[in-house]
There are 2 protein chains.
Amino acid sequence: MKELIAKYREKGFKLTPQRLAILKFLDGNTGHPTAEDIYNSIKKIYPTVSFATVYNTLQTLGDKGEILEITIDPQKKHYDPNPNPHHHIICLGCNKIGDIFEDYSEALRLPNRIVEEFKPVGNHINFYGICRECQKKQKRRN
Amino acid sequence: MKELIAKYREKGFKLTPQRLAILKFLDGNTGHPTAEDIYNSIKKIYPTVSFATVYNTLQTLGDKGEILEITIDPQKKHYDPNPNPHHHIICLGCNKIGDIFEDYSEALRLPNRIVEEFKPVGNHINFYGICRECQKKQKRRN
DNA sequence: TTACCAGATTAGAATTATTCTAATCTAAAT
DNA sequence: ATTTAGATTAGAATAATTCTAATCTGGTAA
């Protein structure tokens with residue numbers, strides 16, 4: 001926590017109690033929470049916290065490159081506190097998201113046509129699958 | 001058009017004038033339209049068409065595997081009438097989407113940990129870049 | 001050709017995620 | 001202690017999408 005405080009303060013990030021709670025919730029969290037997940041968690045400690053604060057903080061953290069905004073779920077955004085580029089796999093049954101740290105960049109060579117029209121700056125692979133629990137549920141249904 | 005009609009009729013897809021207009025609009029369209037783009041286009045011919053019809057039709061076409069729903073834009077869904085798996089590149093400036101038909105599947109081997117937890121069934125790569133026009137705009141601003 | 005009905009269409013309301021507003025508050029620099 | 005840029009808040013606004021329930025119609029079969 002001490003490091004968290006120092007880390008953000010030195011980036012000119014004003015450290016309010018609400019923000020600290022958000023940072024603490026995100027720190028090391030691999031569950032890919034949504035804004036609502038974060039809001040619900042923070043509300044337990046700061047019952048008057050507002051969604052605006054959550055969204056503002058996430059926006060700021062994203063701009064600073066401290067978290068990733070994941071658009072793999074068509075319903076809502078998820079947030080990933082690991083800012084190192086990596087990929088994700090989403091369960092088509094329950095929308096659970098897993099992390100994939102494999103580096104495929106070497107293999108992802110783009111055709112010239114694209115390189116000329118777009119200046120590519122990054123990539124993100126969405127893998128799709130069925131998680132173990134959802135596989136079980138499917139079997140039960142059959 | 002004749003083929004379109006035959007193709008969908010034989011899949012038990014009831015062909016209403018509104019649906020035909022949607023199919024015609026989508027056929028060969030590489031602009032990755034949103035539901036609103038489609039609605040606006042169809043409305044010119046059928047002024048009473050409703051968003052529900054557009055969304056219902058897109059949903060049905062998606063379920064039948066005739067179109068792809070693209071979640072690359074955090075604001076809204078885009079639709080791609082080319083159902084063959086392929087990838088996309090989105091301009092970070094204006095959200096324009098380009099198609100990428102390169103096949104990377106051979107290279108995208110997943111770690112065992114993932115294969116065991118999720119049964120992978122597909123993948124989709126989101127590339128990010130800056131399109132020519134947005135590059136020009138950036139230069140002008142400097 | 002007609003009657004039928006499963007499924008399609010419609011207007012408009014509802015829902016949901018996210019953003020905006022404007023008043024108030026506060027972290028942290030001086 | 002004072003100051004102020006930036007953060008917080010409640011609640012309204014916006015925007016995409018889904019739902020509802022009444023009405024309509026394409027396509028099948030009598």
Side-chain angles (χ1 to χ4, degrees), chain A residues 1-2 4-23 25 32-64 66-67 69-79 95, chain B residues 1-2 4-23 25 32-64 66-67 69-79 95:
Chain A
M1 209 58 222
K2 289 257 183 54
L4 262 187
I5 295 178
K7 174 176 166 190
Y8 285 101
R9 190 128 50 189
E10 83 193 14
K11 300 203 182 207
F13 185 75
K14 196 189 266 187
L15 279 173
T16 64
Q18 294 90 332
R19 284 186 163 183
L20 271 177
I22 294 174
L23 291 174
F25 178 76
H32 306 90
T34 64
E36 194 186 8
D37 296 333
I38 298 167
Y39 172 76
N40 286 336
S41 159
I42 305 318
K43 206 171 43 172
K44 286 178 199 153
I45 313 169
Y46 300 100
T48 68
V49 77
S50 85
F51 261 109
T53 296
V54 173
Y55 278 109
N56 285 343
T57 302
L58 289 170
Q59 167 93 58
T60 305
L61 290 172
D63 290 349
K64 288 187 186 303
E66 296 296 329
I67 64 173
E69 187 182 288
I70 308 176
T71 60
I72 198 176
D73 177 349
Q75 300 311 307
K76 55 192 111 164
K77 294 178 193 161
H78 293 248
Y79 296 88
N95 287 5
Chain B
M1 207 59 222
K2 291 257 180 55
L4 261 188
I5 295 179
K7 174 176 167 189
Y8 285 103
R9 191 126 52 190
E10 84 193 11
K11 299 203 183 203
F13 185 73
K14 196 189 267 187
L15 277 173
T16 65
Q18 294 90 331
R19 284 185 164 185
L20 271 178
I22 294 174
L23 291 174
F25 179 76
H32 306 91
T34 63
E36 195 186 8
D37 296 334
I38 298 167
Y39 172 77
N40 286 335
S41 160
I42 305 317
K43 205 170 43 171
K44 288 178 197 154
I45 313 170
Y46 299 100
T48 67
V49 76
S50 85
F51 260 110
T53 296
V54 173
Y55 278 110
N56 285 343
T57 303
L58 290 170
Q59 166 94 58
T60 305
L61 290 172
D63 290 349
K64 289 188 186 302
E66 297 296 330
I67 63 173
E69 188 183 289
I70 308 176
T71 60
I72 198 176
D73 177 350
Q75 300 312 306
K76 53 191 113 166
K77 294 178 192 162
H78 292 249
Y79 295 89
N95 286 6

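Side chains are part of it too, since the values below use all heavy atoms of this structure and drop only hydrogens, waters and symmetry mates. Quick note on labels: first sequence line is chain A, next is B, and so on, each numbered from 1.
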By salt bridge (charged side-chain N to carboxylate O under 4.0 Å, His left out), which residues pair with [X], not counting sequence neighbours?
| X | value |
| --- | --- |
| A:K11 | A:E66 |
| B:K64 | none |
| A:E36 | none |

Whole-Å distance between [N] [atom2] and [X] [atom1]?
| X | N | atom1 | atom2 | value |
| --- | --- | --- | --- | --- |
| B:K64 | C:dG7 | NZ | P | 11 Å |
| B:D63 | D:dT18 | CG | P | 12 Å |
| B:N56 | C:dT10 | CG | C1' | 11 Å |
| A:I22 | D:dA7 | CD1 | P | 12 Å |
| B:Y46 | C:dT9 | OH | C1' | 13 Å |
| B:L20 | C:dA8 | CG | P | 14 Å |
| A:K11 | D:dG6 | NZ | C1' | 19 Å |
| B:Q18 | C:dA11 | CD | C1' | 14 Å |

With sequence neighbours excluded, residues passing side chain to side chain contact (heavy atoms under 4.5 Å, CB included) with [X]:
| X | value |
| --- | --- |
| A:L15 | A:I5, A:Y8, A:R9, A:F13, A:L20, A:L23 |
| B:P74 | A:E69, A:T71, A:K77 |
| B:K43 | B:Y39, B:N40, B:V49 |
| A:Y55 | A:A35, A:F51, A:Y79 |

Between [X] and [N], does any side-chain N or O lie under 4.0 Å from OP1 or OP2?
| X | N | result |
| --- | --- | --- |
| B:T53 | C:dT10 | yes |
| B:R19 | C:dT9 | yes |
| B:T48 | C:dT10 | yes |

Open item on the list: Based on the rotation axes of five pairs at each end, what angle does the helix from C:dT1-D:dA30 to C:dT30-D:dA1 bend through, to 10°?
Closed with: 30°
- [ ] For nucleotides 18-30 of chain C, just jot down a letter per nucleotide in 5' to 3' order: B, S or -, based on protein non-hydrogen atoms under 4.0 Å.
- [x] BBB-----BBS--
- [ ] Under 4.0 Å from any atom of DNA chain C, heavy atoms only: list the residues of residues 37-45 of chain A that qualify, in numerical order.
- [x] none
Task: Non-neighbouring partners of A:T34 that pass side chain to side chain donor-acceptor pair (under 3.5 Å), sequence neighbours left out - done: A:D37
TODO: Not counting sequence neighbours, which residues clear side chain to side chain donor-acceptor pair (under 3.5 Å) with B:S50? List them please.
DONE: none
Open item on the list: Show, in sequence, the C-alpha distance, side-chain angles and deciding distance for A:Q18 and A:T57, and conclude whether the side-chain contact (heavy atoms from CB on, under 4.5 Å) test is met.
Closed with: CA-CA 9 Å; A:Q18 294 90 332; A:T57 302; over 6 Å; no
- [ ] Report yes if the side chains of A:N95 and A:H78 come closer than 4.5 Å at any heavy-atom pair, otherwise no.
- [x] no
